[in-house]
Amino acid sequence: MPRSLTTAHPRKQPARQPRAAFATLLQEAIASHQAGDLDGAERLYGEVLQLQVAQPDALHFLGVLHHQRGRSEAGVELIRSALKITPRHPDAHNNLGNIHKECGRLREAEACYRRALECGPTHHNALSNLAVVLEAQERPEEAFQAYNRLLWQAPQFAHGHYLLGRFLRRFAQNVGHIEQSAEHFRKACQLDGSNVRALQALGESLYLLGRQDEAVAVYRDWLAREPDDPVPRHMLAACGGSEVPARADDDYVRDVFDAFADSFDEQLLKNLDYRAPQVLTEALSRCLGEPAAALNVLDAGCGTGLCAPLIRAHARRLVGVDLSGGMVEKARARGGYDELVVAELTAYLRAQPATYDVIVSADTLVYFGELRPVLSAAHAALRHGGRVGFTLEALEGDAECSELSASGRYRHTRACVQRVLDVAGFREVNISADTLRREAGKMVAGWVVVACRGVT
């Protein structure tokens, strides 16, 4: 697309550039950025800064873009430069906080959000972000106050109701808190009919309250309105409203996690008390011995890349694979991988015979009811003596069975896991009980599994 400032001569005298044309160039850069054309936006921001080195909006938005491309520290410096020019710009403080939050620097993020609110007391995004990082730092009373302040200031802010619903369910101390969460989810749905996460959360809260018929009705109504949407179809099965599939549909997993990846807030909430990567890599490390950077390692279902820093020391080469392109982009921004691939896990494993020494899979096989196909493929993808490690949600009982829970994830009995590993050819199986995350005020019980590839 032609740009309004394209000329046949070098721009050596920026002061002589027409003000309207300069503004148009900046708007084109912003439009390209919003449309997802990061290459075009980066080039256009660069042209703006050639004309005016200290243009604060270009510095600010280019900083956001650098973070999106995995250059977070460069992004921080650019936004700080913008804030030296316009120190009371709440959006810039908020976006600087978002970068710190995404990088796990929660105290720095908190300071940025508080500064944004000093500059703009009604900045709803900064206030909701502040509540989220307070929650992430296990300061629930302060977080609750921030959520209440948010909804007092903006009672029609749908995302605020959704976040408070999530908070109430996570820290629920009695059934009344679950009931309140359901009401906030319902309000979020009424205010924003496109908020599918609120719809899903409403169904989950209703199910937890024992109101299964109401949960089924939520998902049936959603499916009637959007018959091609895999999310209500899967959740309807999870609530007992339709036949349970052998595994979650690819479209369901992709849609859920692509949407999840786009929300910094949701990532942090998901990671609160989320222990699967830590307990799994610790169990594997006890089998692998001292790290020697000598192994080919696959992070199977890598998500946002939480396992990478925990297993990297063992890896000569670390590959991550995930069905969600959005999650893979977050993993790329986090860093630590030699290669990242967007692919369905079982198909990917079948195409990698005798390739890996270690396969690690944290909280991925919870989307498989029938484990045999994926674990047989993992067995074939390992070299002789290689090890697989994965987590599952635990189902009590002695039977060899699994069930789809209201969360949309499968749970398995110990006997079921042992049988599938035996059939797939694994040996030296260790299945230990541990907790994986907090949900609805309680810790979720799980299995941490490590097994060795046997001779076939």
Side-chain angles (χ1 to χ4, degrees), residues 36 38 42 62-79 95-110 112 129 132-133 136-137 253-254 256-282 284-285 291 293 295-343 345 348 356 358-364 389-391 436-437:
L38 300 188
E42 186 167 2
L62 183 58
V64 173
L65 187 150
H66 273 299
H67 170 64
Q68 290 175 296
R69 306 199 102 169
R71 304 190 292 263
S72 298
E73 298 312 312
V76 166
E77 292 307 313
L78 284 166
I79 297 178
N95 281 330
L96 182 57
N98 286 341
I99 296 178
H100 285 308
K101 179 174 62 171
E102 178 72 359
C103 294
R105 299 188 290 262
L106 300 184
R107 287 286 186 178
E108 292 91 333
E110 178 187 347
C112 290
N129 286 333
V132 166
V133 297
Q137 293 175 82
V253 175
R254 187 183 297 109
V256 166
F257 285 96
D258 278 349
F260 175 65
D262 288 339
S263 169
F264 295 164
D265 301 348
E266 288 295 297
Q267 289 175 52
L268 284 174
L269 283 171
K270 179 76 173 180
N271 292 341
L272 285 175
D273 294 329
Y274 177 53
R275 306 179 63 244
Q278 288 79 11
V279 296
L280 176 57
T281 52
E282 287 170 6
L284 267 171
S285 293
L295 304 174
N296 283 349
V297 180
L298 175 68
D299 187 353
C302 62
T304 60
L306 295 174
C307 282
L310 304 174
I311 200 70
R312 179 72 246 191
H314 289 282
R316 180 184 68 84
R317 178 173 173 78
L318 178 59
V319 177
V321 60
D322 201 283
L323 186 58
S324 165
M327 299 296 269
V328 165
E329 287 307 308
K330 296 298 181 184
R332 183 169 286 113
R334 179 171 269 114
Y337 294 92
D338 297 294
E339 182 182 1
L340 285 161
V341 181
V342 178
L345 180 56
Y348 176 84
Y356 292 104
V358 176
I359 297 174
V360 57
S361 187
D363 241 18
T364 296
F390 57 91
T391 60
L436 305 179
R437 76 174 70 77

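- Residue E108 holds its CD atom at 12.5 Å from CD1 of I99, rounded to the nearest 0.5 Å.
- When atom types are taken as modelled, the side chain of R334 and the backbone of T304 share a donor-acceptor pair closer than 3.5 angstrom.
- When the side-chain hydrogen bond (donor to acceptor under 3.5 Å, both in side chains) test is applied to E77, the partners found at least two apart in sequence or on another chain are R80.
- When the side-chain hydrogen bond (donor to acceptor under 3.5 Å, both in side chains) test is applied to R69, the partners found at least two apart in sequence or on another chain are D39, E42.
- Taking OH of Y274 as the start and CG of L306 as the end, the distance is 6.5 Å to the nearest 0.5 Å.
- When all heavy atoms of V319 and Y348 are compared, the pair lying nearest together is CG1-OH, 3.7 Å.
- With sequence neighbours left out, the side-chain contact (heavy atoms from CB on, under 4.5 Å) criterion links L310 to P277, Q278, T281.
- Residues L38 and L65 come closest through the heavy atom pair O-CD1, 3.6 Å.
- Looking at residues two or more places apart in sequence or on another chain, you find no side-chain contact (heavy atoms from CB on, under 4.5 Å) involving A333.
- V297 and A315 make their closest contact through CG2-CB, 3.8 Å (heavy atoms, listed as atom of the first residue, atom of the second, distance).
- For the pair S285 and H314, the tightest heavy-atom approach, listed with the atom from each and the gap, is OG-NE2, 3.3 Å.
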V321 and L345: side chain to side chain contact (heavy atoms under 4.5 Å, CB included), yes or no, with the steps?
-> CA-CA 7 Å; V321 60; L345 180 56; 3.9 Å; yes
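- For L340 against C302, the heavy-atom pair with the smallest separation is CD2-SG, 3.9 Å.
- Here A313 pairs with P291 under the side-chain contact (heavy atoms from CB on, under 4.5 Å) rule; sequence neighbours left out.
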Check the pair D338 / R312 against side chain to side chain contact (heavy atoms under 4.5 Å, CB included), numbers first and verdict last.
-> CA-CA 10 Å; D338 297 294; R312 179 72 246 191; 3.0 Å; yes
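- Between T364 and A300, the shortest heavy-atom distance links the atoms OG1-O, 3.3 Å.
- Partners of R105 under the side-chain hydrogen bond (donor to acceptor under 3.5 Å, both in side chains) rule, at least two apart in sequence or in another chain, are E73, H100.
- Applying the salt bridge (charged side-chain N to carboxylate O under 4.0 Å, His left out) test to pairs two or more places apart or on separate chains, those with a residue in residues 316-325 are R317-E339.
- For E110, the side-chain hydrogen bond (donor to acceptor under 3.5 Å, both in side chains) criterion is met by R114, Q137, R139, not counting sequence neighbours.
- Residues passing the side-chain contact (heavy atoms from CB on, under 4.5 Å) test with L280 are V360, A362, T391, V448, sequence neighbours excluded.
- Looking at heavy atoms from C-beta onward, V328 lies in side-chain contact with R332 at the 4.5 angstrom threshold.
- Within the model, atoms CG of N98 and NE2 of H67 stand 7.5 Å from one another, a figure rounded to the nearest 0.5 Å.
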